[in-house]
Each structure stands twice: as structure tokens, then as C-alpha cells.
Enquirer: 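My questions will all concern the structure given below.
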Amino acid sequence: MAKAAKTAITPTRAENYPEWYQQVVRAADLAENSPVRGCMVIKPWGCALWENMQRILDDMFKATGHKNAYFPLLIPKRFLEKEAEHVEGFAKECAVVTHHRLEEGPDGGLVPAGELEEPLVIRPTSEMIIGDAFSRWIESYRDLPLLINQWANVVRWEMRTRLFLRTSEFLWQEGHTAHATEQEAREHTIRMLNVYATFARDTMAMPVITGEKTAAERFPGAVETFCIEGMMQDRKALQAGTSHFLGQNFSKAQDIEFLDENGERLNAWTTSWGVSTRLIGGLIMTHADDDGLVLPPRLAPVHVVIMPITFKADDPEKIMNYCHKIADDLRVQAFHGRHIEVEIDDRDIRGGEKNWSWVKKGVPIRIEVGPRDMADDAVFMARRDRPAKDKKGVARTEFVSSITSTLEDIQQTLLRRATEFRDEHTHQIDTEQDFRDFFTAPAGEPTPIHAGFAMTHFSGDSDVEEKIKNDLGVTVRCIPTELGEPGTCPFTGKPSAGRVVWAKSY
RNA sequence: CGGGCUGUAGCGCAGCUUGGUAGCGCGCUUGACUGGGGGUCAAGAGGUCGACGGUUCGAAUCCGUCCAGCCCGACCA
């Protein structure tokens with residue numbers, strides 16, 4: 001048996017996808033599990049990624065007229081009780097604070113004491129606490145629209161957790177807006193959905209489908225929920241962001257009222273929308289390979305890592321100076337609103353180990369600079385979108401002057417690959433039998449690599465959706481914004497306005 | 001909350017059936033050799049064997065109780 005090429009990550013994606021994912025998170029040093037089940041420690045490299053996402057998204061929110069604010073972590077229990085569907089949706093996964101003090105117990109340990117008169121809920125989302133503020137901030141139509149965003153952590157007591165994809169505590173942003181008219185609120189919901197889709201595609205190089213959720217998948221309390229859905233490399237769908245049109249449900253529950261031009265008292269129309277650290281999970285499962293993380297340049301904390309090869313040099317200092325010169329020439333250049341981030345890795349560890357550590361972290365460009373390169377006024381370059389051993393010598397001046405176009409080329413390559421992969425595994429399906437065959441794995445497949453996206457007509461019957469979910473574990477991921485041609489639902493024979501996306505999902 | 005399993009060094013595990021107070025791999029420290037590649041060799045640091053109780057001259061090992069965690073189901077950004 002031929003020996004397979006050694007990969008930096010074991011197992012490979014094909015061998016065991018879920019385990020591969022965990023190993024990439026570990027190898028890239030993104031995060032680790034915490035002492036509390038379901039929570040995670042986000043390590044510097046993972047945090048830097050999130051910071052880049054935050055910065056770019058925050059600019060996009062500001063550009064669409066939003067201001068940041070911060071609302072409290074703790075919410076009075078009675079706030080959550082105001083909106084019936086909302087309560088029902090979140091009650092099962094709320095962490096509740098009931099005491100405000102610890103006292104020494106009989107066995108020497110600490111026991112909670114000082115029971116609170118009213119329990120406090122750790123926010124699973126902030127509609128209720130922000131709605132409470134909105135009801136006080138909004139008096140007249142002149143106060144509208146009110147466009148607020150907050151960066152925060154939230155807690156949802158999850159049964160099954162995976163780093164970044166589903167953790168009990170996660171970081172996110174939640175936008176909350178109030179509008180005078182239904183139409184304006186609806187438009188805003190879609191506007192923010194499109195901001196997410198643009199961010200996913202242009203910054204993360206992650207192609208997504210925008211669409212609306214079916215009733216079964218809707219946010220508790222929303223009138224309509226929209227989402228962006230991406231395809232991961234195991235062909236499962238990942239909901240990467242949501243935008244909700246809340247109608248007047250929350251404004252009625254919380255008295256968010258204003259006086260219009262005619263002096264009439266009306267309820268505002270509200271929206272909310274969010275993306276979370278789950279995006280990092282999506283990034284990994286879209287681009288990472290069997291050698292670890294692969295970062296799109298626009299998000300990479302470091303664009304170029306320079307590894308000086310000084311062991312054999314007659315004059316190590318000369319090589320270091322040469323490296324610093326290259327770094328300086330790169331840093332003065334800009335790439336999508338940031339100067340080029342360069343790291344010179346002069347750690348005293350073995351060359352191979354050093355090189356592989358940057359491969360696993362997904363840095364877009366690695367260069368090695370030794371005596372031979374310096375003599376040629378060149379660098380030895382490797383790109384993370386190509387195999388780890390695919391390296392070549394490049395003249396220094398050419399390398400420096402083409403750096404932004406090289407980074408852009410990597411960015412585009414990643415997007416193109418991900419888009420091709422998704423399209424290759426998206427199929428139009430017209431009969432129920434074909435649909436069932438599509439989602440039934442061939443016997444003996446070592447790990448569940450799922451069929452992909454099935455586009456079928458659908459009449460929208462929720463009992464059909466329910467049955468398919470039970471039979472196949474497949475759900476409607478969304479009703480795409482681009483509906484296409486009307487047709488006939490293969491499950492009911494009824495007419496359908498357009499095709500919907502079915503897939504297994506995270 | 002139902003069903004299965006596991007707690008021994010930072011991580012991953014062996015030892016338990018047939019009691020005699022701990023071992024392996026990785027990692028870590030130091031040194032040597034090496035040097036466009038995650039290498040080789042040597043020396044070293046690190047554990048009240050999940051907790052409590054019982055049996056015993058003696059318990060990681062046998063018995064009991066408890067605690068914690070993991071996996072599979074229902075729920076989910």
C-alpha cells in the first residue's frame with residue numbers, strides 16, 4: 001500500500017470530519033475548552049480573527065447608520081416573560097442567577113447565600129432589555145428610525161457543544177432597530193441581511209445563499225427570519241447569520257410607542273440581526289485543509305511571516321537586517337484598509353517545526369530568507385492556498401511590489417474554490433424518490449459526508465417538513481431570495497412559487 | 001431527563017481479572033549532534049492513581065456510597 005502524504009492534521013477530513021475540525025482548532029491555536037462544559041477559552045490567534053471580523057463589520061454597521069451601545073448582561077426574569085413565543089423559545093436554555101453571595105458551608109466549601117427576591121436571567125439575546133430602553137428613548141416619529149448595535153456575549157445553555165460552532169457562551173453582535181413604518185423595517189431587515197452576505201463573500205471568501213426561514217426555523221417572536229447559509233466541506237449547511245423582521249410583536253409587548261406627524265400614538269416596527277463567533281467555525285469548515293487553517297488575507301491577523309534561516313550564515317545579523325528591510329517595505333503598503341501585517345519569526349526552534357506552525361495557523365504567505373536568497377536578492381515564498389511544499393524563489397523587489405496583488409489573488413482563489421465546491425454539490429431534484437436517495441448515504445462510508453444542497457419545489461406544508469426532518473434529518477435551510485421559476489412540489493403535488501434549499505445542518 | 005462508558009503526570013493512555021505504595025507515548029527542561037525543515041541521542045523535572053468509607057499486615061487494584069466528565073437520543077446562532 002502506498003504511503004499517503006503526511007498531513008499536519010490527523011485525521012484528515014475524509015477520515016473523520018468532526019475530529020478533523022477539533023484538531024484544526026487545536027493545531028491553529030484558536031481556542032480550547034474551559035473548565036466549564038460548553039464554554040471556551042479563545043486564544044490570541046482566534047481572538048485576533050474575531051477582532052478583524054468585528055472591525056470590518058463594525059465599519060459596515062456605522063456606514064449603514066448604526067451607533068454602538070452596551071446593555072447589561074443580567075435581565076430581570078419578568079422582562080423575558082412579556083413576549084409569549086419569545087419566552088417559549090428561550091426558557092429551556094437560560095442560565096439563571098438566584099443568589100448574590102457565597103458563604104462558608106459546613107464542609108468548608110462555599111455555598112450560595114443571599115437569595116435574590118427576583119431571579120436574574122443571563123441574556124440569551126437582548127430583545128427584552130433593549131426593548132425596555134427603546135420604550136423610554138422613543139417618544140416621537142422624530143426619534144425614528146433608532147439604529148443600535150451592541151457587541152456582547154450571550155449565554156444559551158446548550159446540550160451539545162462544539163468549539164465556535166455551538167458553545168454555551170459566545171461572542172456576537174446584535175443589532176436592534178425601531179422604525180415608524182412596516183415597510184421601512186422590512187427594508188432594513190433585508191439591508192442588514194445583505195450586509196452579512198457581502199461580508200461573508202468579500203471578507204471571509206465564503207459564498208452564502210440568502211433567504212427566508214420557514215416557520216419551523218423562525219426566531220421566537222419574529223414575524224419573519226432571514227438568514228445566510230453556507231456549505232461546509234462535509235456538505236452540511238451552516239447558518240452563518242440571521243436578520244429578523246419582528247413586526248410589532250415586541251413593540252406591543254414592551255410599549256415601544258411614538259407619536260406620528262398627526263399626533264397619533266402608534267407602535268414602532270422593530271428588527272434584530274446578529275452574527276457570532278460561529279463565523280470562525282464557518283471559516284474553518286469552508287477553507288481549512290488537511291494541513292490546518294487557511295485564512296483569507298482580508299481576515300488574516302498576519303499576512304506575511306518571514307522566517308530567517310541564520311544557522312549557517314557567516315553573518316546572521318546581515319540576514320536579519322535584510323529581513324527587517326523587507327518587513328519595512330511591506331508594512332508601508334495597504335491592503336483593504338490595513339497596513340500589511342508582517343511577522344518576523346526568529347524564535348530559536350527547529351525550522352521545520354516553525355514552518356509547520358505557520359502552515360497550521362493559515363498565514364497566507366510564508367517566506368524563508370537565508371544566505372542563498374540574500375545573495376540573489378530574493379526570497380523563497382510559499383502560499384497557503386497551494387501545497388505546503390510548493391515553494392519558489394522570487395526576486396525581492398518583485399515580491400515586495402506585488403504583495404497586494406498576491407494577497408488579493410489568494411483571497412479570490414479561496415472564494416472561487418468554495419463557490420465551485422458549493423455549486424458542485426448543489427442539485428436540482430424533482431421527485432421525492434430522488435430526494436430520499438440523495439440524502440441516503442451509501443453503505444460503508446467511513447464518516448458521514450453528506451450529500452449537499454437539494455433544491456426542490458416546495459408547497460410549504462409544515463407537516464411535510466416535519467416528516468422529512470424525522471426521516472432523513474434534513475431541513476429547509478431557507479427559501480432563497482432568488483426564487484426562480486414556479487413549479488410543482490414533489491412531496492405534495494401542489495404548486496410551488498420556487499425552489500427551496502434542503503440540507504443537513506449544523 | 002432516558003440508555004452506554006470513563007476518571008492514573010500538562011495531554012493521550014497501560015497497569016486492575018490473579019492486592020505487595022506507578023509505568024509508557026507525546027509535551028516540557030538541560031546538553032550534544034544536526035541544520036532550507038516538524039530529526040537523532042543523552043540526562044532530568046513532573047502523580048496524595050476522582051472523593052469518602054469498608055475489607056486487609058498491606059488497596060490504583062476487591063466491596064460500597066458519592067462526585068465529575070464523555071458518548072448516543074429530545075432542543076439549538
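Convention: sequence-line order gives letters A, B, ...; per-chain numbering from 1.
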Enquirer: For A:Gly274, which contact category applies under a 4.0 Å heavy-atom criterion: base, sugar-phosphate, or nothing?
Expert: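 No contact.
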Enquirer: What integer number of Å spans the C1' atoms of B:rC71 and B:rU30?
Expert: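 Comparing C1' positions in B:rC71 and B:rU30 gives a spacing of 42 Å.
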Enquirer: Taking only the side-chain heavy atoms of A:Arg26 (C-beta and beyond), determine which of B:rG38, B:rG36, B:rC11 contains the nearest atom.
Expert: B:rC11
Enquirer: When you compare B:rA22 with B:rU65, how far apart are their P atoms, in angstrom units rounded to a whole number?
Expert: 29 Å
Enquirer: Does A:Arg350 make a side-chain donor-acceptor contact with the base of B:rG38, cut-off 3.5 Å?
Expert: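 No pair found.
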Enquirer: Is a side-chain donor-acceptor pair under 3.5 Å present for A:Gln150 with A:Ser126?
Expert: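 Present: a donor and an acceptor within the cut-off.
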Enquirer: Considering every strand shown, what is the Watson-Crick or G-U wobble mate of B:rG19 when both distances are under 3.5 Å?
Expert: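 Pairing partner, where one exists within any strand: none, as none qualifies.
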Enquirer: Taking only the C1' atom of each, what is the distance from B:rG36 to B:rC41 in whole angstrom?
Expert: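 My reading of the C1' atoms in B:rG36 and B:rC41 gives 23 Å.
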Enquirer: Once you apply a heavy-atom cut-off of 4.0 Å, does A:Lys213 come out as touching a base, just sugar-phosphate, or nothing?
Expert: nothing
Enquirer: Write down the distance separating the C1' atoms in B:rU8 and B:rA68, rounded off to the nearest Å.
Expert: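 Straight-line distance between the two C1' atoms is 15 Å.
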Enquirer: I'd like to know if A:Lys213 and A:Glu229 make a salt bridge, using a cut-off of under 4.0 Å between side-chain N and carboxylate O.
Expert: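 Salt bridge present between A:Lys213 and A:Glu229.
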Enquirer: Please check this pair: side chain of A:His86 against backbone of A:Pro220, looking for a donor-acceptor N/O pair closer than 3.5 Å.
Expert: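 Side chain of A:His86 to backbone of A:Pro220, a donor-acceptor pair under 3.5 Å: yes, one is there.
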Enquirer: Could you check how far CG of A:Asp345 sits from C1' of B:rG36, rounded to whole Å?
Expert: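 So the two atoms are 15 Å apart, to the nearest Å.
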Enquirer: Whether A:Asp234 and A:Arg13 form a salt bridge (side-chain N of Lys/Arg under 4.0 Å from carboxylate O of Asp/Glu) is what I want to check.
Expert: no
Enquirer: Using Watson-Crick or G-U wobble geometry with both distances under 3.5 Å, which nucleotide pairs with B:rG2?
Expert: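 By the stated definition (distances under 3.5 Å), B:rC72 pairs with B:rG2.
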Enquirer: Whole-Å distance between B:rG12 P and A:Gln22 CD?
Expert: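 So the two atoms are 13 Å apart, to the nearest Å.
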Enquirer: Identify which one of A:Lys236, A:Met232, A:Arg235, A:Arg477 satisfies the side-chain contact (heavy atoms from CB on, under 4.5 Å) criterion when paired with A:Lys504.
Expert: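 Testing each of A:Lys236, A:Met232, A:Arg235, A:Arg477 against A:Lys504, the sole residue satisfying side-chain contact (heavy atoms from CB on, under 4.5 Å) is A:Lys236.
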Enquirer: In whole Å, I'd like the distance from the CZ atom of A:Arg372 to the C1' atom of B:rG35.
Expert: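 Going from CZ in A:Arg372 over to C1' in B:rG35 covers 12 Å.
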Enquirer: Look through every strand shown and name the nucleotide pairing with B:rG64 as Watson-Crick or G-U wobble, where both distances are under 3.5 Å.
Expert: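 Partner of B:rG64: B:rC52.
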Enquirer: Using a heavy-atom cut-off of under 4.0 Å over every strand shown, decide if A:Lys354 touches base, sugar-phosphate, or nothing.
Expert: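 No contact at all - A:Lys354 keeps every heavy atom at 4.0 Å or more from the nucleic acid.
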Enquirer: How far does the P atom of B:rA14 sit from the matching atom of B:rC24, given to the nearest Å?
Expert: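 Comparing P positions in B:rA14 and B:rC24 gives a spacing of 16 Å.
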Enquirer: Does the structure show a Watson-Crick or G-U wobble partner for B:rA42, both distances under 3.5 Å? Name it, or say none.
Expert: B:rU30
Enquirer: For the side chain of A:Asp373 and the base of B:rG36, is some donor closer than 3.5 Å to an acceptor across the two?
Expert: yes
Enquirer: Considering only the P atoms, how many Å lie between B:rC13 and B:rA74, rounded to the nearest integer?
Expert: 27 Å
Enquirer: Do the charged groups of A:Lys77 and A:Glu81 touch, with an N to O distance under 4.0 Å?
Expert: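 Yes.
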Enquirer: Only distances under 3.5 Å count here; give the side-chain donor-acceptor pairs of residues 49-58 of chain A to other protein atoms, sequence neighbours excluded, each with its distance to 0.1 Å.
Expert:
from: A:Asn52; atom 1: OD1; to: A:Arg55; atom 2: NH1; distance (Å): 2.8
from: A:Asn52; atom 1: ND2; to: A:Leu299; atom 2: O; distance (Å): 2.8
from: A:Asp58; atom 1: OD1; to: A:Asn68; atom 2: ND2; distance (Å): 2.9
from: A:Asp58; atom 1: OD1; to: A:Trp151; atom 2: NE1; distance (Å): 2.8
from: A:Asp58; atom 1: OD2; to: A:Lys62; atom 2: NZ; distance (Å): 2.6

Enquirer: Would you mind reading off the distance between A:Trp356 atom CH2 and B:rG39 atom P, rounded to a whole angstrom?
Expert: 13 Å
Enquirer: Between B:rC28 atom P and A:Asp348 atom CG, what is the distance in whole Å?
Expert: 13 Å
Enquirer: How does protein contact run along nucleotides 69-77 of chain B, one letter per nucleotide 5' to 3', with B for base contact, S for sugar-phosphate only, - for none, heavy atoms under 4.0 Å?
Expert: -S-SSBSBB
Enquirer: For B:rG35, give its Watson-Crick or G-U wobble partner with both distances under 3.5 Å, or none.
Expert: none
Enquirer: I'd like to know if A:Glu32 and A:Lys43 make a salt bridge, using a cut-off of under 4.0 Å between side-chain N and carboxylate O.
Expert: yes
Enquirer: Take atom C1' in B:rC62 and the same atom in B:rG47, then report the distance between them in whole Å.
Expert: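 That atom pair is separated by 23 Å.
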Enquirer: In whole angstrom, what separates A:Ile349's CD1 from B:rU30's C1'?
Expert: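 Interatomic distance, CD1 of A:Ile349 to C1' of B:rU30: 18 Å.
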Enquirer: A:Lys467: what forms a salt bridge (charged side-chain N to carboxylate O under 4.0 Å, His left out) with it, not counting sequence neighbours?
Expert: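 Once residues adjacent in sequence are excluded, the partners of A:Lys467 under the salt bridge (charged side-chain N to carboxylate O under 4.0 Å, His left out) criterion are A:Asp471.
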Enquirer: Distance check, P atoms only: B:rG27 and B:rC63, in whole angstrom units.
Expert: 37 Å
